There are 2 protein chains.
Amino acid sequence: MSDLLERLRGRGWRMTAQRRVVAEVLDGDHVHLTADEVHARAVVRLPEISRATVYNTLGEMVSLGEVIEVSTDRRAKRYDPNAHRPHHHLVCASCGTIRDVHPAGDPMADLPSDERFGFTVSDVEVTYRGICPGCAATG
Amino acid sequence: MSDLLERLRGRGWRMTAQRRVVAEVLDGDHVHLTADEVHARAVVRLPEISRATVYNTLGEMVSLGEVIEVSTDRRAKRYDPNAHRPHHHLVCASCGTIRDVHPAGDPMADLPSDERFGFTVSDVEVTYRGICPGCAATG
DNA sequence: TCCTACAATGGACTAAGTCCAAGTCAAGTG
DNA sequence: CACTTGACTTGGACTTAGTCCATTGTAGGA
């Protein structure tokens, strides 16, 4: 049923009703939700779940590398369960929706070492910005 | 003296002591400052300047396209006065410092139209993440 | 010099998230 | 199965970064 849940269980995660619900909510939908959206959906199944627990659980899934945190602006962070397939993001500047995209090319290879300033570079993130069809239509 | 100031004046910007100070602070230093850092430096020269004014002024410079807003996480946004030379960013995951980098390649060209989902794509942002030499040294 | 529209102020307010002490419970042990 | 214990959850207080607004000030044109 839930791949994410299986992977987490396999890492010795202590399974609680709250964690199960959070994992299922995240994995079930392929939009990238904010913590509050995850909480809102989790509450439907488990009315007494707290915001703090949702934040904790999402944070742990991020540390375990099972989920990616995407913050494209100062609005809420969004959580992307698709951590195992490399991809980048296309963000609507108006409503904040995020879509996964798979551009050609490897941007990591485009950064020569004399442009690294002694940093240990571990990750690249490419964010395309634009206006989604929905927002373009409604002005 | 200040290129940024000249450009803004040329756009019919009403010049006030506050705006001058904000523009000079931003342009004077080639680190990318947060709004609060800009405010702290502005206060040294003009003690009664308010935080609200700093936010307003930075916001206007961003709308005019003279300054770029960079938000790499949920910490404070940073402001990049180098808006006229295309470049990307290298961010320290530990302390948040940002350096400008100039990778080879054009990531915009790497996004085929069948991966655009009807979006009008106007901008790409590439963010390299890693650990800066300073943070690597101090653990 | 005077006017007035644009700008600055500061304090209240908000959104998103973090922290913590106290209570609860999953799952290993006997 | 009952116990135990350390990990998990809770909710409320707190923080950070930023926005909003009514009031006051002032740049720059007539």
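No experiment lies behind these values; they were computed from the predicted model shown. Chain naming here is simple, since letters A, B, ... match the order of the sequence lines and numbering starts at 1 in each.
- In this structure, B:Tyr55 atom OH and C:dG11 atom P are separated by 16 Å, rounded to whole Å.
- In this structure, B:His32 and B:His87 have tilted ring planes: the angle between them lies in the 30° to 60° band.
- Atom CG in A:Asp73 sits roughly 12 Å away from atom C1' in C:dA16 (whole-Å rounding).
- For the pair B:Arg19 and C:dA8, the criterion of a side-chain N or O lying under 4.0 Å from OP1 or OP2 is met.
- At C:dT9, one or more side-chain N or O atoms of B:Gln18 fall inside 4.0 Å of OP1 or OP2 (strictly under the cut-off).
- Taking the nucleotide of DNA chain C with the nearest heavy atom to each of B:Ile49 and A:Asp36, the more 5' of the two is matched to B:Ile49.
- At a threshold of 4.0 angstrom between heavy atoms, the contacts of A:Arg51 include nucleobase atoms, whether or not backbone atoms are also involved.
- Judged purely by distance below 3.5 Å, without hydrogens or angles, the side chains of A:Asp100 and A:His88 never pair a donor atom with an acceptor atom.
- One side chain, B:His84 or B:Glu66, offers a donor N or O that lies under 3.5 Å from an acceptor on the other.
- Between the base of D:dT26 and the side chain of B:Arg14 there is a donor-acceptor pair shorter than 3.5 Å.
- Atom CD in A:Glu48 sits about 9 Å away from atom P in C:dC25, given to the nearest Å.
- Phosphate contact (OP1/OP2 of C:dA8, side-chain N/O of B:Thr16, threshold under 4.0 Å): present.
- Between the C1' atom of D:dT15 and the CZ atom of A:Arg74 lies a distance of 11 Å, rounded to the nearest Å.
- Rounded to an integer number of Å, the gap from A:Arg78 CZ to C:dG17 P is 10 Å.
- Sequence order on DNA chain D of the closest nucleotides to A:Leu46 and B:Trp13 puts A:Leu46 first from the 5' end.
- Note on B:Ala52: a base of the nucleic acid sits closer than 4.0 angstrom, heavy atoms only.
- Atom CZ in B:Arg20 sits roughly 14 Å away from atom P in D:dT26 (whole-Å rounding).
- C:dG11 atom P lies 12 Å from atom NE2 of B:His39, rounded to whole Å.
- For B:Arg75, no side-chain nitrogen or oxygen approaches OP1 or OP2 of D:dA17 to under 4.0 Å.
- When side chains are defined from C-beta on, A:Met108 counts as touching B:Tyr128, because their heavy atoms get closer than 4.5 Å.
- Taking the side chain as every heavy atom from C-beta outward, B:Asp27 and B:Leu5 never approach each other to under 4.5 Å.
- Residue A:Thr57 has its side chain nearest to D:dT9 when only D:dT9, D:dG28, C:dG17 are considered.
- Put simply, OH on B:Tyr79 is 12 Å from P on D:dA17, counting in whole angstrom units.
- Within the nucleic acid shown, A:Thr53 comes within 4.0 Å of at least one base atom, counting heavy atoms only.
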